[in-house]
Amino acid sequence: MISERYNARKCELHWQSVWEQNSVFQAAEDPAKPKYYVLEMFPYPSGRIHMGHVRNYAMGDVVARYKRARGFNVLHPMGWDAFGMPAENAAMERGVHPGEWTYSNIDAMRTQLKHMGLSLDWSREFATCDPEYYRHEQAMFIDFLAMGLAYRKKSRVNWDPVDNTVLANEQVIDGRGWRSGAPVEQRDLSQWFLKITDYAEDLLESLDGLERWPEKVRAMQRNWIGKSRGLLVRFAFSPDKRLKSGQSLDVYTTRPDTLFGASFCALSPEHPISKSLAAGNPDLAAFIRECQQLGTSEEEIEKAEKRGFDTGLKVLHPFDSNWQLPVYVANFILMDYGTGAIFGCPAHDQRDLDFANAYKLDVVPVVIPEDADPATFTIENEAYTGPGKIANSKFLDGLSVNEAMDVVAAKLEKRGTGERQTHYRLRDWGVSRQRYWGCPIPIIYCENCGTVPVPKAELPVRLPKDVSFDKPGNPLESHPDWKYVKCPQCGRDALRETDTFDTFIDSSWYFARFCAPRSSNPTETQATDYWLPVDQYIGGIEHAILHLLYSRFYTRAMHKTGHINIDEPFGGLFTQGMVIHETYRTPEGNWLTPDEVKITGEGETRSAIQIETGQKIIIGPIEKMSKSRRNTVDPARIIEHYGADTARWFMLSDSPPERDIEWTDAGIEGSSRFVQRLWRTLQQGLLIISPIAAPKPDRFGAESNLLRKATHRTLAAVSADIETLRFNRAVARIYEFTNTIVAAVSTADAHKDSGFAWALREALQYLTCMIGPMMPHLGEECWSALGQETLLANASWPQIEQDLLEDDTVTIAVQINGKRRGEITYPRGSSNDVIESLALKLDSVSRTLQSKEVRKIIIVPERIVNVVI
RNA sequence: GCCCCUGUGGCGGAAUUGGUAGACGCGCUGGAUUCAAAAUCCAGUUCCCGUACGGGAGUGGGAGUUCGAUUCUCCCCGGGGGCACCA
């Protein structure tokens with residue numbers, strides 16, 4: 001029989017409309033059913049989805065559909081992280097309004113996502129740039145302010161002196177503005193901050209309770225919070241007329257044990273003492289300006305060559321007032337950490353060592369490894385940070401590192417020149433952005449009343465539509481009238497805050513909004529109490545720290561202000577690997593998409609040209625797919641050509657979901673072939689299988705029993721794989737199982753076997769259920785072909801018969817000296833004596849043993865036999 | 001620079017978490033079917049020696065622990081992510 005090929009395009013449209021017409025995926029609270037909230041990180045509407053999105057949403061959809069089948073009331077919503085810089089860049093480059101650009105992107109991407117056949121509740125969709133969303137953000141900010149969770153302080157930004165605009169770190173390239181090319185400066189601006197540091201300890205401790213989070217994410221957050229115990233040391237200055245009398249230099253150190261190895265002190269360029277000295281010293285002022293050209297990013301600062309400026313000031317060593325240490329201003333000292341000043345111990349800190357070598361300062365090792373000789377142990381280009389005994393440190397000599405820390409801390413505390421402290425690396429969250437396309441900060445500045453929140457009744461503070469991007473800088477600032485308002489308290493002329501919120505705020509609570517997306521309050525307790533926390537959150541590993549930590553904090557802040565009753569937003573987290581791809585740039589530095597480039601040659605001779613112009617292209621590093629690098633691959637052609645099911649299946653196959661994958665469509669033919677093969681096998685099977693309501697036979701023949709074992713074992717394995725999100729393994733099991741079915745269907749003998757028709761129906765039905773979460777359209781088509789009248793999307797996950805999972809015999813390998821020499825099969829539960837004699841009887845073993853003496857036989861039942869000779 | 005992850009055939013990867021390395025898929029080779037092609041089916045496919053039987057090597061590199069290491073420990077090398085204004 002020649003069966004018809006599976007027509008993906010026709011079937012996919014059909015089932016998508018059936019699901020939609022029946023509102024199959026619309027969720028509602030149902031206290032009688034256990035809930036399950038599946039959420040994938042919502043996308044930034046860049047215009048087109050790329051393969052990274054397909055991977056993310058295919059994974060989430062498998063979980064959502066699987067949990068539905070398992071009887072859960074599933075919430076699986078979708079929305080848009082719609083504020084952000086790319087919309088403003090589009091406005092500047094193409095003159096299109098950010099809102100218009102964003103909404104048309106949303107339309108395009110929604111269509112693409114719908115073609116994927118995801119089990120989403122689209123009735124809950126929202127975009128964060130909608131005033132009906134961001135008004136609640138404004139209301140909550142006012143609540144945060146009232147509760148002391150928000151405050152204003154001066155903070156530095158990257159400033160482009162030519163474009164007169166604030167630059168994001170991404171827009172600073174080698175210390176220059178990306179458009180103007182002008183060296184970047186740092187500027188102090190008054191900005192709003194949220195007090196995430198209030199929760200540093202809680203955010204740290206609670207990580208232990210997040211058992212369904214990857215350990216690596218918890219580790220990254222722990223390091224980010226960076227709790228340290230150390231000592232604040234007050235260095236007295238040697239008298240100097242540039243200082244106020246009694247002024248001391250406060251230094252925070254986690255290594256007080258190395259105090260005798262100190263050879264200098266260093267101040268951050270932003271340190272108050274640096275600034276006051278600079279006022280009277282043009283050379284120092286110039287040096288500080290140079291430091292500031294590195295921009296604000298920690299990466300730039302730490303990678304830069306270590307440089308310093310000798311202030312001429314001296315401090316006295318706390319344990320020896322005859323010992324003076326020079327005080328530098330140094331480019332690698334961060335004002336935000338500790339006190340913004342350090343004492344440098346070059347022997348035991350690499351940065352200090354680099355600095356000391358550059359400025360010819362002493363390098364005295366004071367921690368000596370156990371196996372080293374203190375008399376000869378020296379440090380040259382590599383600092384020693386390991387354990388050891390203290391040396392060259394007077395009364396500390398011979399102590400361990402920890403003992404020495406205690407002794408130093410105790411002595412200085414007693415003297416009043418030191419204080420044990422706990423510090424966190426975590427800084428407060430700066431949320432002000434000098435940009436248009438974000439949520440306006442609902443604050444009014446009145447000369448009379450000061451900082452006044454916009455009354456809640458007047459929310460939302462809407463973004464004005466009539467803005468111009470002709471001038472650089474924030475269009476809200478230059479808007480003719482938007483910022484001029486009356487003070488809500490005294491009615492006098494006042495000014496609106498023209499900064500908008502960091503877009504991380506938008507994504508810090510959207511999961512809560514999805515529970516009741518049309519509520520006139522930010523959240524609806526009845527809905528959030530039912531749905532939250534998110535049971536399975538899925539997104540890229542690149543969000544391991546910022547987004548996930550901000551959300552954890554924001555949830556706590558919402559709890560404190562009465563908007564929610566939980567502290568941890570995400571019960572289970574899965575961080576998928578990124579889809580990465582090579583990057584391509586023209587010699588002028590313009591990014592090109594993979595479509596625009598032709599690659600020739602291999603290895604050393606590999607090169608690329610731009611298809612349109614024939615010009616040679618620079619092949620850049622392999623990076624995560626992103627709009628800004630243009631290294632994205634649009635799934636549209638793949639979906640159009642092969643169908644959404646094939647695209648989904650392909651993305652789930654092969655690679656473990658947490659691993660990065662370099663995009664290639666090699667192998668997609670295989671996925672497509674499998675779809676056809678499965679459909680064909682089903683067609684052939686339909687001619688053999690028993691009717692839908694046929695009762696289960698009392699007994700099964702050998703062939704049928706083998707098939708049933710394969711069916712139930714595959715189901716057990718696939719269920720476990722989906723529960724743990726190991727989709728690639730589930731795919732492999734399904735391939736194997738399909739091969740088994742194909743073989744059974746094509747074996748004439750099997751058909752005569754007792755109960756085979758029933759066993760084959762069972763196999764095909766189970767197979768259909770198993771592919772359903774991954775290839776839902778094909779699943780529905782098969783389900784219907786099998787004579788089912790319900791939707792597979794609403795069907796229950798099949799039952800496993802436990803007694804089909806176990807065999808009565810065991811096959812294990814026999815090794816000689818750890819090298820495999822053969823295998824034996826024996827009845828389950830056999831004694832070690834039986835196993836041993838079977839193993840020794842093997843030809844391959846006995847042959848080797850003839851000339852050798854057996855020293856030991858290791859038998860691990862049901863695992864291995866190892867004969868040691 | 002710092003923190004986190006990662007490395008297995010020609011390619012993506014599997015290995016019950018210390019117990020048969022290479023499941024499954026891709027690709028490739030040969031064959032069947034066909035007027036021909038597509039599709040499909042069958043066989044083979046880690047590398048080296050050998051017609052074969054078989055033997056040896058082998059999980060980025062080096063050391064270690066163990067009867068046994070892809071798995072645990074240490075050092076080194078390559079790749080990716082994050083570094084607070086990309087999202």
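Below, each value reflects all heavy atoms present in this structure, side chains not excepted, and no hydrogens, waters or symmetry copies. Source: prediction; values computed, not measured. Reminder, nothing fancy here: chain letters follow the sequence lines and each chain counts from 1.
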Asker: Partner lookup for A43(B), please. Criteria are Watson-Crick or G-U wobble with both distances under 3.5 angstrom; report none if nothing qualifies.
Answerer: U29(B)
Asker: Looking at R659(A), I'd like to know whether one of its side-chain N or O atoms comes within less than 4.0 Å of OP1 or OP2 on C5(B).
Answerer: no
Asker: Between N or O atoms, less than 3.5 Å apart, protein on one side and nucleotides 75-82 of chain B on the other: list the pairs.
Answerer:
from	atom 1	to	atom 2	distance (Å)
G80(B)	OP1	I622(A)	O	3.4
G80(B)	O2'	D660(A)	OD2	2.6
G81(B)	OP1	K624(A)	N	3.2
G82(B)	OP1	K624(A)	NZ	3.0

Asker: Taking the C1' atom of each, how far is G54(B) from C77(B), in whole Å?
Answerer: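 It works out to 37 Å between them.
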Asker: Measuring from the side chain of E298(A) (C-beta onward, heavy atoms only), which nucleotide among C85(B), A14(B), A84(B) has the closest atom?
Answerer: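 Closest nucleotide among those given: A84(B).
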Asker: Let me have a per-nucleotide readout for nucleotides 17-22 of chain B, 5' to 3', with B, S or -, counting only protein heavy atoms under 4.0 Å.
Answerer: --BBS-
Asker: Closest to the R680(A) side chain: C86(B), C85(B), U40(B)?
Answerer: U40(B)
Asker: Pick the P atom in G55(B) and in C2(B), then give their distance to the nearest Å.
Answerer: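 50 Å, rounded to whole Å.
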Asker: In whole Å, what separates the C1' atom of G13(B) from that of G30(B)?
Answerer: 26 Å
Asker: What nucleotide, of C86(B), C3(B), A14(B), holds the atom closest to the side chain of N223(A)?
Answerer: C3(B)
Asker: Name the pairs: protein N/O against N/O of nucleotides 26-28 of chain B, kept only if under 3.5 Å.
Answerer:
from	atom 1	to	atom 2	distance (Å)
C26(B)	OP1	R673(A)	NH2	3.1
G27(B)	OP2	R673(A)	NH2	2.9

Asker: G1(B) C1' sits how many Å from R307(A) CZ, rounded?
Answerer: 17 Å
Asker: From CG of D721(A) over to C1' of G13(B), roughly how many Å is that when rounded to an integer?
Answerer: 14 Å
Asker: Checking all strands, does K216(A) fall into the base, sugar-phosphate, or nothing category for heavy-atom contacts under 4.0 angstrom?
Answerer: sugar-phosphate
Asker: Would you kindly give the CG-to-C1' distance between D665(A) and G25(B), to the nearest whole Å?
Answerer: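 Distance check: D665(A) CG to G25(B) C1' gives 15 Å.
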Asker: With the 90 degree cut-off around zero defining syn, does G61(B) come out syn or anti?
Answerer: anti
Asker: F332(A) and F355(A): ring pair (Phe, Tyr, Trp, His ring centres under 6.0 Å), yes or no, with the steps?
Answerer: CA-CA 9 Å; F332(A) 64 102; F355(A) 186 82; 5.5 Å; yes
Asker: Partner lookup for U51(B), please. Criteria are Watson-Crick or G-U wobble with both distances under 3.5 angstrom; report none if nothing qualifies.
Answerer: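 Paired with no nucleotide.
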